[in-house]
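Have a look at the structure below before the remarks.
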Amino acid sequence: MSNSRSRSRRDPGGGAGAAGRDELVSRSLQSAEHCLGAQDFGTAYAHYLLVLSLAPELKDEVKETFQYTLFRWAEELDALNRIQDLLGCYEQALELFPDDEVICNSMGEHLFRMGFRDEAAGYFHKAVKLNPDFSDAKENFYRVANWLVERWHFIMLNDTKRNMIYNAAIQKAVRLGSKSVLDIGAGTGILSMFAKKAGAHSVYACELSKTMYELACDVMAANKMEAGIKLLHMKSLDIEIPKHIPERVSLVVTETVDAGLFGEGIVESLIHAWEHLLLQPKTKGESGNCEKYGKVIPASAVVFGMAVECAEIRRHHRVGIKDIAGIHLPTNVKFQSLAYSSVDTEETTEPYTTEKMNQVPGGYLALTECFEIMTVDFNNLQELKSLASKRPDKIGIPVIKEGTLDAIMVWFVLQLDDEHSLSTSPSEETCWEQAVYPIQDLADYGIKPGDHVMMEVSCQDCYLRIQSISVLGLECEMDVAKSFTQNKDLLSSGNEAELCNALANLQTSKPDAVEQTCVLESTEIALLNNIPYHEGFKMAMRKVLSSLTPEKPCQTMDTHCQNNEMSSGTGQSNTVQSILEPFYVLDVSEGFSILPIIAGTLGQVKPYSSVEKDQHRIALDLISEANHFPKETLEFWLTHVEDESAMLQRPKSDKLWSIIILDVIEPSGLIQQEIMEKAAISRCLLQSGGKIFPQYVLMFGLLVESQTLLEENAVQGTERTLGLNIAPFINQFQVPIRVFLDLSSLPCIPLSKPVELLRLDLMTPYLNTSNREVKVHICKSGRVTAVPFWYHMYLDEEICLDTSSQASHWKQAAVVLDNPIQVEMGEELVLSVQHHKSNVSITVKQ
């Protein structure tokens with residue numbers, strides 16, 4: 001009775017409460033809208049939170065406005081560096097909208113910018129799962145997936161031979177008594193599972209990457225081994241006994257080796273393992289059960305090398321020309337590739353690059369026999385300790401073939417035990433690349449039989465270093481570098497031109513001449529060596545500037561003529577040009593570019609460069625000076641721009657640009673981020689008759705059959721991993737687009753002729769289409785596994801740059817199909833090409 005009375009008393013109150021709630025919700029909505037109008041996003045966000053907590057039924061109605069408010073408020077918090085408040089807002093938003101892919105994606109973008117890539121990947125992955133057609137989230141996930149799960153994981157897991165040899169060596173060790181195992185750098189956990197399947201009693205595995213650790217947990221659960229393998233999310237250097245594992249183990253298995261053997265820290269981790277985690281090693285001649293002793297798989301390694309000639313390596317690591325489109329490169333500017341420059345710095349960076357040498361475009365020529373560089377015993381603690389402190393070994397290798405010395409190529413044989421080994425040689429069918437040490441700073445790179453290639457080899461900072469490379473000529477009796485011998489010979493020859501070259505090589509410049517080392521990425525060096533690129537831009541810029549002065553042809557500032565005029569003291573050219581209003585040219589292409597200097601030779605031009613690094617600016621100034629540019633001709637645009645994100649703006653408040661050079665294609669072969677947005681801004685900043693370069697871009701592609709691309713993109717079933725179920729888990733991180741490809745040397749069978757896939761018009765946007773269907777005629781029967789693509793960049797209707805040409809500094813890319821399609825000659829396939837922001841997707845319509 002009392003219950004019914006109390007309910008009847010509450011009814012009127014409940015109605016009043018609902019009315020009050022509705023009134024509060026209504027007022028809060030009005031306040032939120034008012035705050036939005038006043039751009040007070042923080043207060044608007046607070047009002048929306050109140051509305052949604054009181055009236056969750058309004059979620060669908062206010063969702064879009066709430067998202068907009070959240071994103072604008074987050075931008076303000078980010079600018080104020082209020083990171084905790086920003087993350088708190090997103091957590092609140094995701095409590096209200098846990099299945100909102102747009103909010104998940106935006107949260108991921110903020111985390112990625114902050115450097116939390118593991119966490120960002122989780123949100124991008126969730127957004128893609130919630131909406132597989134959400135292009136922004138897919139593009140973000142693919143970008144971060146490449147970083148989180150590097151492509152070599154797929155290639156190595158598909159290498160059946162490598163898996164079988166490691167499995168056999170582990171089985172043998174366990175059979176001989178090594179029953180407790182630690183897997184260092186476990187990755188997917190495949191070696192740990194080999195050990196467990198072989199009968200090891202106790203198996204431990206450590207993995208530092210959060211993504212790989214979580215992936216390994218899923219893999220082990222799927223293979224019903226989670227109870228038998230203890231997986232640790234940490235570095236092996238941080239493992240303590242008995243805190244993390246109960247006792248020392250009898251076997252360590254690892255594959256923490258890179259193309260240069262030591263680059264993933266195997267020496268440091270094994271020194272620590274021998275001192276803290278492994279049982280003592282068996283001494284020579286000692287017998288007994290292996291369970292009482294410690295050992296490592298791999299047991300040892302032998303490192304080999306070879307001096308090679310390779311035009312592809314040369315053009316990516318050595319500037320081989322002295323004159324670029326009329327611009328002279330002075331000897332006091334020394335260009336170095338990033339791989340070479342690390343030799344002389346204290347930074348712990350790889351002193352080599354890596355290449356699949358049997359697939360490098362143009363191939364390579366062996367100039368020496370294969371030679372042994374060093375051996376290392378991973379089961380010898382003292383030897384491991386002495387590696388880092390050991391003085392460099394001097395090696396001299398006889399030359400067997402005449403050629404150009406471009407690099408020392410390095411590979412190794414990994415001896416897992418006395419019976420099983422793996423070779424990373426370019427002559428082997430292997431998943432491994434080779435380490436390449438580009439050669440620079442020789443006066444003469446030509447070598448011949450009878451010469452010796454001299455070098456010093458060491459293992460410093462956990463890297464194999466090959467330094468002080470020189471050539472000892474046959475005619476030299478003393479240990480004198482060949483460059484000096486040749487220069488001495490030239491002195492007696494009386495050849496004046498060669499004498500000048502010799503003196504230049506010896507750098508006998510004035511004592512007060514400024515010298516500048518300019519360290520460039522390999523793609524930047526390849527760009528400098530790309531003659532058609534610079535000649536094309538020079539011609540296109542000249543045509544535009546000429547068209548802007550129809551009454552008087554554009555005056556080309558020939559540096560030699562200008563030099564004569566200056567020395568004669570007439571100064572007439574400068575007087576005439578000073579009366580004219582200059583043409584403003586802006587180069588916002590990324591990285592090191594000499595296009596602004598080339599523009600400066602084309603008359604009364606005020607060129608601006610957007611290079612960021614001080615050493616690049618100094619180098620450009622020295623090149624300008626060497627080409628007799630008047631001081632202040634070249635300017636650096638970033639010194640005039642307060643906010644780098646607003647780089648595209650007028651040269652002066654009352655001036656517009658005559659030419660804006662944009663970077664449309666990344667060196668990787670993909671379209672640059674936000675290029676169409678940049679083009680839209682650029683069009684508004686051009687004077688009448690001004691141009692954006694390139695004016696438009698055509699994207700071409702063809703259908704191919706390529707097993708290589710399939711294996712680099714996804715693990716091909718359980719057979720490759722010897723029956724272990726790994727593919728479904730790691731293949732979540734497969735990316736449909738492969739980048740940095742060399743189509744000229746890619747192992748593939750073309751099944752069609754090239755076809756035009758897409759047009760990106762930067763000057764005339766109405767010619768662009770975001771969706772297009774392309775019919776492709778099949779020329780050869782086979783399985784379509786991928787669609788490689790490249791671009792023709794039109795500076796104008798006549799001048800075109802092909803990103804797939806032999807001289808190109810750009811690489812190509814390819815869309816890899818999830819499911820290969822069998823085709824017959826004479827058939828047609830229809831490709832659906834979609835362009836969204838900077839992301840291009842290509843699918844086959846069946």
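Values below: all heavy atoms of this structure, side chains included; hydrogens, waters and symmetry mates excluded.
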Does R248 use its side chain to pair, donor to acceptor, with the backbone of L279 at less than 3.5 Å? no

Between CG of L270 and NZ of K385, what distance do you get to the nearest 0.5 Å? 13.0 Å

Just checking E535: does its CD atom have more than 12 heavy atoms from other residues, nucleotides or ligands closer to it than 6.0 angstrom? yes

Between Y352 and Y437, does the ring centre distance come in under 6.0 Å? yes

Is there a donor-acceptor pair closer than 3.5 Å between any side-chain N or O of T254 and the backbone N or O of I184? yes

For the pair V303 and E372, evaluate side chain to side chain contact (heavy atoms under 4.5 Å, CB included) and give the outcome as yes or no after the intermediate values. CA-CA 6 Å; V303 184; E372 187 177 303; over 6 Å; no

For S425 and S423, which I'm curious about, is there any donor-acceptor pair between the side chains at under 3.5 Å? no

Can you see whether E666 engages S668 through a side-chain donor-acceptor pair at a distance of less than 3.5 angstrom? yes

To the nearest 0.5 Å, what is the distance between CZ (F154) and CG (N713)? 7.0 Å

Should we say atom CD of Q615 is surrounded by more than 12 heavy atoms from elsewhere, each under 6.0 Å from it? yes

Qualifying residues under side chain to side chain contact (heavy atoms under 4.5 Å, CB included), relative to N167, sequence neighbours excluded: Q171, F194, L722

Is there a donor-acceptor contact under 3.5 Å linking the side chains of D742 and S744? no

With no hydrogens and no angle check, is any side-chain donor or acceptor of D159 less than 3.5 Å from a backbone partner on T430? no

With rounding to the nearest 0.5 angstrom, report the CG to CD distance, L381 to Q280. 8.5 Å

For salt bridge (charged side-chain N to carboxylate O under 4.0 Å, His left out), just list the numbers for E312 and K811, CA-CA rounded to whole Å, side-chain angles, deciding distance to a tenth of an Å, and then say yes or no. CA-CA 12 Å; E312 185 72 2; K811 299 294 187 185; 3.5 Å; yes

Going by distance alone, is a donor N or O of one side chain under 3.5 Å from an acceptor N or O of the other, for H317 and S337? yes

Residues P788 and L743: closest non-hydrogen pair is CB-CD1, 3.7 Å

For the pair V457 and M374, evaluate side chain to side chain contact (heavy atoms under 4.5 Å, CB included) and give the outcome as yes or no after the intermediate values. CA-CA 8 Å; V457 176; M374 67 165 61; 3.9 Å; yes

E456 side-chain N/O to P392 backbone N/O, donor-acceptor pair under 3.5 Å: no

Backbone N or O of D406 within a donor-acceptor pair of the E309 side chain at under 3.5 Å? no

Do L416 and I170 have side-chain heavy atoms sitting under 4.5 Å apart? no

Minimum heavy-atom separation for C431 and I155, please, with both atom names. CB-CG2, 3.4 Å

E275, CD: over 12 other non-hydrogen atoms inside 6.0 angstrom: yes

How close do A339 and T353 get, heavy atom to heavy atom, and via which atoms? CB-N, 4.1 Å

Does atom CG (D323) have a neighbourhood of more than 12 heavy atoms from anything else shown, all under 6.0 Å? yes

Please table the atom pairs, donor to acceptor, closer than 3.5 Å between any side-chain atom in residues 358-369 and protein atoms at least two apart or in another chain.
unit_1	atom_1	unit_2	atom_2	d
N358	ND2	P426	O	3.2
T368	OG1	A307	N	3.1

Please evaluate residues I297 and Y166 with respect to the criterion side chain to side chain contact (heavy atoms under 4.5 Å, CB included), reporting the C-alpha separation (whole Å), side-chain torsions for both, the decisive distance (0.1 Å), and the verdict. CA-CA 9 Å; I297 293 177; Y166 252 100; 4.0 Å; yes

Could you check if a side-chain atom of M156 sits within less than 4.5 angstrom of a side-chain atom of W432, using non-hydrogen atoms only? yes

Hey, are D417 and K295 close enough for a salt bridge, meaning a charged N less than 4.0 Å from a carboxylate O? no

Search all heavy atoms of L278 against all heavy atoms of S250 and return the closest pair with its distance. CD2-C, 4.0 Å

One should read off an interatomic distance between M454 CE and I469 CD1, to the nearest 0.5 angstrom, of 11.5 Å

Check whether any side-chain N or O of R315 sits under 3.5 Å from a backbone N or O of A807 as a donor-acceptor pair, and report yes or no. yes

List the atom of R465, the atom of Q467, and the distance in Å for their closest heavy-atom pair. CB-OE1, 3.5 Å

Just one of Y533, F740, F592 clears the ring-ring contact (aromatic ring centres under 6.0 Å, His included) bar with H809, so which one? Y533

Heavy-atom closest contact (I313 atom, A407 atom, distance): CG2-CB, 4.1 Å

Test your reading of the model: is there a side-chain donor-acceptor pair from N379 to the backbone of V296, 3.5 Å cut-off? yes

Please check if atom NZ in K356 has more than 12 non-hydrogen atoms from other residues, nucleotides or ligands closer than 6.0 Å. yes

Closer than 3.5 angstrom, by distance alone: can the side chain of T424 be matched with the main-chain N or O of F412 as a donor-acceptor pair? yes

Please check: side-chain N/O of R151 versus main-chain N/O of E712, any donor-acceptor pairing under 3.5 Å? no

Backbone of G260 reached by a side-chain donor or acceptor of D258 within 3.5 Å: yes

Got a salt bridge between R162 and E255, using NZ or NE/NH1/NH2 to carboxylate O under 4.0 Å? yes

Interatomic distance, CD@Q415 vs OG@S421, rounded to 0.5 Å, equals 4.5 Å

List the steps and the verdict of side chain to side chain contact (heavy atoms under 4.5 Å, CB included) for I466 and I373. CA-CA 10 Å; I466 299 178; I373 293 176; 4.0 Å; yes

Walk me through it: do E428 and K161 pass the test salt bridge (charged side-chain N to carboxylate O under 4.0 Å, His left out)? CA-CA 11 Å; E428 297 276 337; K161 179 183 173 184; 3.4 Å; yes

In this structure, CE of M164 is separated from CG of L422 (nearest 0.5 Å) by 11.5 Å

